[in-house]
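First the structure, in the form of structure tokens, and then the observations on it.
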Amino acid sequence: MFSADRPTGWCVPSLRNSGLKHRKEVAGKNAIYNGEQLVLEETDWYLLNLFRLWWHYGISFLRLQMWVEEVMEKFMRIYTFQAHEYAFSSMEELLRSLGGEHFVNMTHKSVGESLQAIGVSQKFIDDVISAVIRASYGQSVAIPALAGAMSLAGTPGNMWAVEGGNKLVCSGLLRLTKANVIHGKVMAISLHSSEKRPIYEVRYEQDGTLSSQNYDLVIIAAPLHKTGYPISFHNFQPPVEQPNGTYHRVVTSIVHGYLNSSYFGFSDPKLFPFFSILSVDSPDSSFFSIESLCPVNVSVGFRRKTPQEAAVWRVLSPRPLDRKELKTFFKSYYSVQVIEWQAFPSYMSVGPSRSLPPIILHDGLYYLNGVEWAASSVEMSAVAAKNVALLAFNRWFDLHEKIDQPDLLHKLKTEL
């Protein structure tokens with residue numbers, strides 16, 4: 001019905017060549033908490049879940065589903081375009097090719113406004129949509145509509161994970177490409193003129209030693225915003241500007257202990273059936289979501305532990321939980337590990353009229369992470385990475401007919 005996982009994509013990428021396997025699904029139910037009580041509870045019966053949604057919110061959930069499906073159907077066009085090696089020089093051009101100006105406007109209009117415009121009730125937005133957005137992005141329904149659609153696309157429960165951990169996707173891709181990985185921190189990029197094409201000197205620190213190498217093409221895959229990755233640029237005219245905006249802090253607490261089910265209205269932990277609790281957007285809420293974690297390798301016969309058993313829980317919150325809050329959510333605990341990170345763009349740190357960061361910073365210098373300001377997910381980053389690779393290739397070999405083609409969908413249908 002809804003998912004507390006970070007949006008990692010709504011279609012499973014091919015893992016045939018990597019040797020990776022899809023991790024087994026582990027059944028579990030979700031609920032939404034409004035600070036006083038559970039306002040929505042998932043059951044084992046699909047028809048009962050639908051009836052509850054209709055009883056509380058009318059046909060708002062159907063309108064939501066139709067809206068998300070329409071957005072996703074248009075977004076999926078990018079795979080056809082990329083399969084034919086078409087690329088786009090800006091995020092606006094990419095979005096325009098998928099859904100016209102409407103898709104571009106979805107980066108300016110909030111998801112709350114967009115859903116209200118199609119008849120989704122304010123109560124459904126307050127109770128359900130806000131909880132899903134908070135669990136995904138740690139922000140409110142004021143985030144852009146496109147980012148909201150990406151988040152809500154994971155709610156039917158079709159999220160996926162790789163056996164052994166999703167980090168194996170990255171290491172597996174590096175292994176397949178046989179890339180020469182230099183484990184260093186990039187400090188600066190300098191532009192050097194040449195007769196035909198620019199040369200970029202990349203300076204980096206490795207094991208306390210400063211080194212540099214020259215490259216024809218450079219792709220930056222790290223945030224350049226104020227709270228992002230500090231890279232200095234030299235000899236550029238005009239200078240490379242730092243994008244506006246900041247990143248949003250999310251605190252992840254991994255707690256090994258016993259959940260206090262009575263806090264959520266279940267005095268008997270044996271009767272508590274939920275593996276994930278999402279929190280609505282309210283001033284008193286101190287967490288975004290609380291979720292029972294599964295191991296990265298799910299063995300045959302594995303089951304989620306109940307609150308009367310010690311389990312590993314992940315708590316997402318806007319700030320570190322103090323001891324009193326931990327004692328509120330857990331009867332007792334053995335250990336707590338806290339990770340603070342700049343997880344996503346802070347979509348409210350820039351105005352609604354903002355433009356998306358550029359992809360081309362200079363001839364042969366490309367920027368990947370601007371895609372996060374349209375929507376932040378693993379799949380969006382993968383799409384942006386392939387677009388940059390195709391763009392760099394097409395520009396290098398002067399294949400201009402493969403860049404920013406208007407009415408591309410009609411063009412491909414005609415060719416086929």
Side-chain angles (χ1 to χ4, degrees), residues 82 85-96 107 170 173-174 177-247 342 345 349-350 354-374 376 380-405:
Q82 292 185 338
E85 300 181 347
Y86 286 96
F88 305 92
S89 62
S90 70
M91 276 307 303
E92 285 86 355
E93 286 295 331
L94 188 152
L95 295 175
R96 196 172 286 116
T107 65
C170 299
L173 288 173
L174 285 174
T177 58
K178 299 179 181 179
N180 177 29
V181 181
I182 299 174
H183 295 279
K185 180 180 180 181
V186 175
M187 310 297 292
I189 299 174
S190 299
L191 173 63
H192 298 287
S193 301
S194 64
E195 293 182 2
K196 295 183 179 181
R197 299 181 185 270
I199 298 296
Y200 295 102
E201 180 189 4
V202 177
R203 282 176 278 174
Y204 57 93
E205 180 182 359
Q206 184 180 26
D207 298 327
T209 303
L210 292 177
S211 303
S212 68
Q213 289 197 35
N214 291 338
Y215 297 92
D216 297 308
L217 299 173
V218 173
I219 298 173
I220 300 173
L224 294 177
H225 292 71
K226 293 178 181 178
T227 53
Y229 198 86
I231 298 177
S232 58
F233 297 88
H234 304 289
N235 305 330
F236 286 88
Q237 288 298 331
V240 175
E241 295 184 1
Q242 185 182 62
N244 294 324
T246 59
Y247 271 67
Q342 305 292 327
S349 66
V350 290
R354 60 166 169 63
S355 59
L356 297 173
I359 294 176
I360 302 173
L361 301 180
H362 198 78
D363 185 21
L365 178 63
Y366 301 92
Y367 181 46
L368 189 69
N369 284 65
V371 67
E372 292 189 285
W373 291 85
S376 180
M380 286 293 288
S381 295
V383 166
K386 186 162 186 177
N387 178 67
V388 166
L390 290 171
L391 180 63
F393 180 89
N394 292 339
R395 283 168 57 90
W396 183 269
F397 290 103
D398 295 324
L399 302 175
H400 301 296
E401 70 278 5
K402 289 286 188 177
I403 302 173
D404 294 339
Q405 283 293 310

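As the structure is a prediction and not an experimental result, all values here were calculated from the model. Heavy atoms only: backbone and side chains are in, while hydrogens, waters and symmetry mates are out.
For Glu93, the salt bridge (Lys or Arg N to Asp or Glu O under 4.0 Å) partners at least two apart in sequence or on another chain are Arg96. Considering only residues two or more places apart in sequence or on other chains, Tyr200 meets the ring pair (Phe, Tyr, Trp, His ring centres under 6.0 Å) condition with none of them.
The closest donor-acceptor contact from the side chain of His225 to the backbone of Asn244 lies under 3.5 Å. For the pair Asn369 (side chain) and Pro357 (backbone), a donor-acceptor distance under 3.5 Å is absent. No donor-acceptor pair under 3.5 Å is formed between the side chain of Glu201 and the backbone N or O of His192. Between the side chain of Glu85 and the backbone N or O of Leu390 there is no donor-acceptor pair closer than 3.5 Å. Distance alone, capped at 3.5 Å, is enough to place a donor-acceptor pair between the Asn387 side chain and the Phe88 backbone.
With values rounded to the nearest 0.5 angstrom, Thr107 atom OG1 is found 6.5 Å from Leu95 atom CG. Here the straight-line distance linking atom OG of Ser90 with atom CD1 of Ile403 works out to 11.5 Å at 0.5 Å rounding. Note that the CH2 atom of Trp373 and the CE atom of Met380 stand 14.0 Å from one another [nearest 0.5 Å].
Ser381 and Leu368 make their closest contact through O-CD1, 4.4 Å (heavy atoms, listed as atom of the first residue, atom of the second, distance). Here the closest heavy-atom approach between residue Glu372 and residue Pro223 is recorded as OE1-CG, 4.2 Å. Minimum heavy-atom separation, Ala222 to Tyr229: CB-CB, 3.8 Å. The shortest heavy-atom contact between Ala374 and Met91 is CB-CE, 4.1 Å. Taking each heavy atom of Ser89 and Ile359 in turn, the nearest pair found is O-CB, 3.7 Å. Across Val186 and Tyr204, no two heavy atoms sit closer than the pair CA-CB, 3.9 Å.
When side chains are defined from C-beta on, Val240 does not count as touching Ile231, because their heavy atoms never get closer than 4.5 Å. Between Leu191 and Leu365 there is no side-chain heavy-atom pair separated by less than 4.5 Å. Put simply, the side chain of Asp216 reaches to within 4.5 Å of the side chain of Ile199, judged on heavy atoms. Between Leu224 and Leu361, some side-chain heavy-atom pair lies under the 4.5 Å cut-off.
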Evaluation steps, side chain to side chain contact (heavy atoms under 4.5 Å, CB included), between Phe393 and Leu399: CA-CA 8 Å; Phe393 180 89; Leu399 302 175; 3.8 Å; yes

Side chain to side chain contact (heavy atoms under 4.5 Å, CB included) evaluation trace for Leu217 with Tyr366: CA-CA 8 Å; Leu217 299 173; Tyr366 301 92; 4.2 Å; yes

Side chain to side chain contact (heavy atoms under 4.5 Å, CB included) between Leu210 and Arg203, worked out: CA-CA 7 Å; Leu210 292 177; Arg203 282 176 278 174; over 6 Å; no

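Side-chain polar atoms of His234 and Ser232 form a donor-acceptor pair below 3.5 angstrom.
Taking the ring axis of Tyr86 as reference, the NZ or CZ atom of Lys402 stays within 45° of it and closer than 6.0 Å to the ring centre.
Applying the 6.0 Å contact sphere to CD of Glu241 captures no more than 12 heavy atoms from other residues, nucleotides or ligands.
The aromatic rings of Phe236 and His362 lie perpendicular to each other, with more than 60° between the two planes, well past the 30° mark.
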